[in-house]
Every structure is written in structure tokens, then in C-alpha cells.
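Working notes, beginning with the structure itself.
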Amino acid sequence: MKLRFFGGAQEIGRSAIMLEGSTRIMMDYGIGINKKIEYPVSMPDIDAVILSHAHLDHSGAVPLLFNEMSVPVFGTLPTVSISEILIKDSIKIAARKGWAERIHNRELNSFLRHFVGCTYLEKRRVGDYDLTMYDAGHICGSAISMIECLDKGSKKRVVYTGDMKLLPQELHNGAEVVDGDVLIIESTYADRTHPDRETVKKDFITKIREVIENGGTALVPSFAVGRAQEIMAMLERNGLSDITWLDGMAKEITKIMLDSYGFVDNIEVLRKASESVSWISNKTDREVALRKPSIIVTTAGMLNGGPVLYYIERLRKNSHLFLTGYQVEGTNGRALMGEDRITINGRPRDLKTQFSYYDFSAHAGADELHDYIRRSGAHTVVCVHGSKENARHLAEYATAQGCRAFAPGVGESIDV
Ligand SMILES: [Zn+2]
Ligand SMILES: [Zn+2]
């Protein structure tokens with residue numbers, strides 16, 4: 001059997017890994033967004049797609065496949081609902097920016113028609129192989145796939161983590177460690193361990209209270225999928241959700257998550273939070289939200305668009321901006337962290353308020369990745385979804401543990 005890498009190898013974005021045996025399975029088929037849309041380097045003939053989760057770097061290019069072929073796409077139910085929203089949004093963004101976009105509603109609809117909804121721990125037949133999905137602890141519906149292959153009389157279990165988080169978050173209890181022979185693992189943060197989450201949370205809540213007591217607005221830009229709901233749950237647990245407003249695409253995603261029984265471990269906290277926060281639906285709501293001391297959770301998490309820019313321009317002096325996620329190179333959020341400046345409608349602006357950064361990552365840190373490799377029992381470890389340095393770094397760790405380890409690049413293939 002072979003693994004072939006069409007994207008997301010020694011890089012983050014456009015994840016696309018093919019397992020090639022008697023059945024050919026594409027694990028994820030995503031896009032990269034980096035001043036333009038990047039697609040996987042080619043589109044080989046396949047028998048099925050397995051989708052680890054809804055984020056566009058894993059799901060964004062799946063619709064394209066349906067111009068050439070007609071194959072089933074396996075994933076969890078929330079993955080299809082959330083990826084539909086994200087892909088529609090990416091089509092809109094591409095149109096607004098004037099980027100060449102190869103995906104339109106026709107391809108998206110074909111993708112939706114071919115989706116096969118799975119639950120965790122349920123065994124599915126995919127060609128000659130068996131597929132079981134396990135909770136990856138990353139976002140709602142994220143799955144670690146275990147593919148049992150019987151090829152030429154020998155049985156092999158291939159495990160693909162997708163993006164994962166081993167330690168618990170507010171709404172997710174953390175990834176399951178799945179035994180396998182071959183482990184394909186993400187390496188986003190192979191170079192660092194995240195700071196203790198409880199400490200970060202405590203600092204975050206303390207600062208929020210301080211801003212409210214000073215009569216300011218606590219503006220919390222958050223990714224629509226996962227981070228916004230994590231923040232809502234955190235605020236709920238600290239008795240702060242009744243002074244919280246929710247705006248942007250996070251609202252739609254929250255509704256999907258509330259319907260996703262079995263895919264959000266602590267769904268009751270999210271339900272309570274969603275009942276006590278105020279949902280913003282128009283301009284008047286936005287004005288009211290800014291008038292009194294309050295917390296506003298909204299998109300975009302990297303300040304690159306969305307309602308957050310409306311609020312930033314109108315914040316009073318004693319307000320504060322809380323960055324809660326990784327800020328990618330080239331985004332407003334990154335510019336702010338570097339030089340206190342952002343660009344709104346093409347014009348550079350100085351931020352009038354202070355800001356701070358909190359590491360609430362939904363990806364495993366180095367300690368969690370190491371733990372996963374040790375506990376999975378795999379003899380072959382393939383490190384993907386990370387910079388070249390980080391993928392190599394993790395492969396070195398796996399080698400030191402006695403595994404056969406790889407950090408392949410795009411276009412390469414490995415015999416497993
Ligand atoms: Zn992800
Ligand atoms: Zn990813």
C-alpha cells in the first residue's frame with residue numbers, strides 16, 4: 001500500500017492524502033487561503049473520500065472532485081453541515097476579492113448529495129476496507145479515522161488524526177487514542193507545548209472583569225467554528241454570559257452545534273450559554289451592545305473582515321481587544337501583534353484600545369503529540385499538517401521512539 005501526498009505535507013493548508021491499495025481513499029481534500037486560493041496539486045482517480053472535519057483546509061476542495069468523478073464522501077453529520085456553510089462563505093469571499101474560484105454552487109451541491117453521514121465508533125465499509133471514526137477533540141464533528149485494510153492476506157490499521165486536541169477544551173473532552181500500525185499525525189505545534197489552559201483561562205476572565213468594571217467593551221474576535229463556542233462556554237461557567245453579545249457567522253455554527261448530539265461532549269453548557277447571551281441580528285443591536293459595558297464575541301478571529309471591524313472602529317477608550325486564536329501571517333491580527341496597526345477598507349488604522357493574546361488552541365501541543373505517538377502503538381509514523389521544520393521535528397521524535405518515521409513533502413509517496 002502507498003500513501004501519496006497532494007497537499008498539506010510540510011505545509012498547513014490544502015490537506016490531501018491518498019491511501020492507495022485495492023481501494024483508493026482520499027483523506028481530506030482542502031484548500032489553502034494565502035492571498036489566493038490554493039488547491040491540492042492534482043486530482044487522481046479515487047474510490048472514496050474521508051473527511052476529517054469541516055475546516056476549509058480539509059474540506060474546501062472536495063466539491064471540485066465532482067467535476068471528474070462521482071464518489072462517496074464519508075464524514076460525521078456536523079462536518080457536512082459546517083463545511084457547507086464554510087464553503088459557501090469561501091465562494092463569496094473569493095468573488096469579493098476577485099480571486100479565481102473553481103468551486104460554484106453546482107459542485108457544492110454534488111458534494112452534499114454524495115455525503116455519507118457517520119457517527120463515532122460506527123464501522124462503515126469503504127470499498128475493500130473498513131472505516132471507523134473516533135472523536136478528535138478538535139472541533140464539533142472532528143474525527144480520527146481508522147481504516148482497516150486487508151491487502152494480500154495481511155491486515156493493516158491506518159490511523160489518520162486530521163486536526164486533533166488530546167487535552168480537554170470547554171466543550172470537548174479530548175481525542176481518543178486509536179491503536180494502529182500506521183499513524184498519520186498532524187504536526188502544527190510540534191515545536192511547542194501550549195501554556196497551561198487553566199492559567200490562560202483565569203487570566204482571560206480576570207482581564208474581562210477588569211474591562212467591564214472600568215466601563216469598557218471586551219471585544220473578543222473568535223473563529224466562527226469552535227473558538228466562539230468555547231469562549232461562550234467559558235463565559236457561561238464564569239457567570240458572564242448574560243452581559244455577552246454574539247455576532248457574525250458564529251451564530252449559525254452555534255445552532256448547528258446545538259443540534260449535534262453526540263459530537264459536543266458538554267453540549268448543556270453551550271445550550272445554557274446560548275440561552276443567556278444576546279444574539280445580534282441588526283445594526284440597532286450592534287449600537288446597543290456598544291453603549292453599555294459588555295462582552296462581544298464575533299468573527300473574524302483574525303480581524304480580516306466580518307462584524308469585528310465595525311466594532312473596532314467604534315470602541316470607547318477603556319475597551320480592550322482579546323485575540324483568542326493563532327494569527328496567520330498576512331492577516332490584520334498578525335499586523336496588530338507586530339506593529340499595533342490594522343487595515344480597514346484599504347486604509348491603515350491605529351488601534352485606540354489595548355489588546356492582549358490568549359492561547360486557546362484547538363490543536364495538540366508538542367507534549368500531546370508525543371503522548372499520542374507513544375500510546376498509539378504505531379510502527380510507522382507519518383507527520384503532516386505542519387511546517388517543514390515541525391513535521392521533521394515530530395518525525396525525529398517518532399524515530400527516537402523506535403518508529404519508522406516520515407515527514408513527506410507535497411508530491412511524494414511512501415510505501416506502508
Ligand atoms: Zn482544523
Ligand atoms: Zn487543519
Side-chain angles (χ1 to χ4, degrees), residues 5-17 26-34 37-40 49-62 75-76 78-87 89-90 133-145 159-167 169 171-172 174-175 184-191 194 222-230 249-250 253 256-257 260 263-264 299-302 324-329 331 359-365 368-369 372 382-388 390-391 394 407 410:
F5 304 87
F6 297 95
Q10 292 186 2
E11 64 179 12
I12 296 176
R14 59 167 183 176
S15 284
I17 305 164
M26 184 65 80
M27 294 176 279
D28 289 337
Y29 204 66
I31 57 171
I33 300 181
N34 190 8
I37 297 183
E38 291 167 342
Y39 300 92
V49 178
I50 291 175
L51 205 44
S52 66
H53 65 294
H55 280 149
L56 288 171
D57 58 321
H58 300 261
S59 71
V62 173
T76 64
T79 293
V80 67
S81 321
I82 299 172
S83 48
E84 180 182 0
I85 294 174
L86 296 182
I87 293 170
D89 190 55
S90 77
M133 291 188 150
Y134 298 84
D135 195 344
H138 171 61
I139 60 164
C140 176
S142 64
I144 293 175
S145 299
V159 174
Y160 171 51
T161 65
D163 292 354
M164 64 107 168
K165 174 88 187 152
L166 192 53
L167 290 173
Q169 305 186 68
L171 298 171
H172 302 281
I184 307 161
I185 186 168
E186 67 138 310
S187 57
T188 316
Y189 290 108
D191 62 338
H194 298 300
S222 304
F223 308 140
V225 184
R227 193 62 38 82
Q229 295 77 22
E230 286 285 314
M249 202 210 277
I253 304 292
I256 292 177
M257 286 176 66
S260 299
F263 296 99
V264 180
T299 47
M302 298 188 205
T324 58
Y326 181 72
Q327 306 294 314
V328 171
E329 199 76 55
T331 62
D359 182 348
F360 289 125
S361 179
H363 287 271
E368 297 163 77
L369 295 171
Y372 205 96
V382 182
C383 305
V384 295
H385 198 289
S387 65
K388 189 172 179 176
N390 280 356
L394 193 60
V410 174

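Remember, it's 1-based here, ligands and their atoms both numbered in the order they're listed. Both backbone and side-chain heavy atoms feed into the values below; hydrogens, waters and symmetry mates do not.
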Practice item. Determine the minimum heavy-atom distance between Q169 and G137, stating which atoms define it. Key: NE2-O, 2.8 Å

Review point. Is it true that some N/O/S atom of D57, main chain or side chain, lies under 2.8 Å from the Zn ion (ligand 2)?
Key: yes

Check your understanding: Does any N, O or S atom of H385, backbone or side chain, fall under 2.8 Å from the Zn ion (ligand 2)?
Key -> yes

Practice item. Classify the angle between the aromatic ring planes of H58 and H53 as parallel (below 30°), tilted (30 to 60°) or perpendicular (above 60°). Key: tilted

Practice item. Work out the angle at the Zn ion (ligand 1) between NE2 of H53 and ND1 of H55, rounded to 10°. Key: 100°

Review point. Only one of K165, E186, H385, E368 clears side-chain hydrogen bond (donor to acceptor under 3.5 Å, both in side chains) with H363; which?
Key: E186

Check your understanding: What N, O or S atom of D163 is found closest to the Zn ion (ligand 2)?
Key -> OD2

Check your understanding: With H55, which of I139, T79, D28, I82 fulfils side chain to side chain contact (heavy atoms under 4.5 Å, CB included)?
Key -> I139

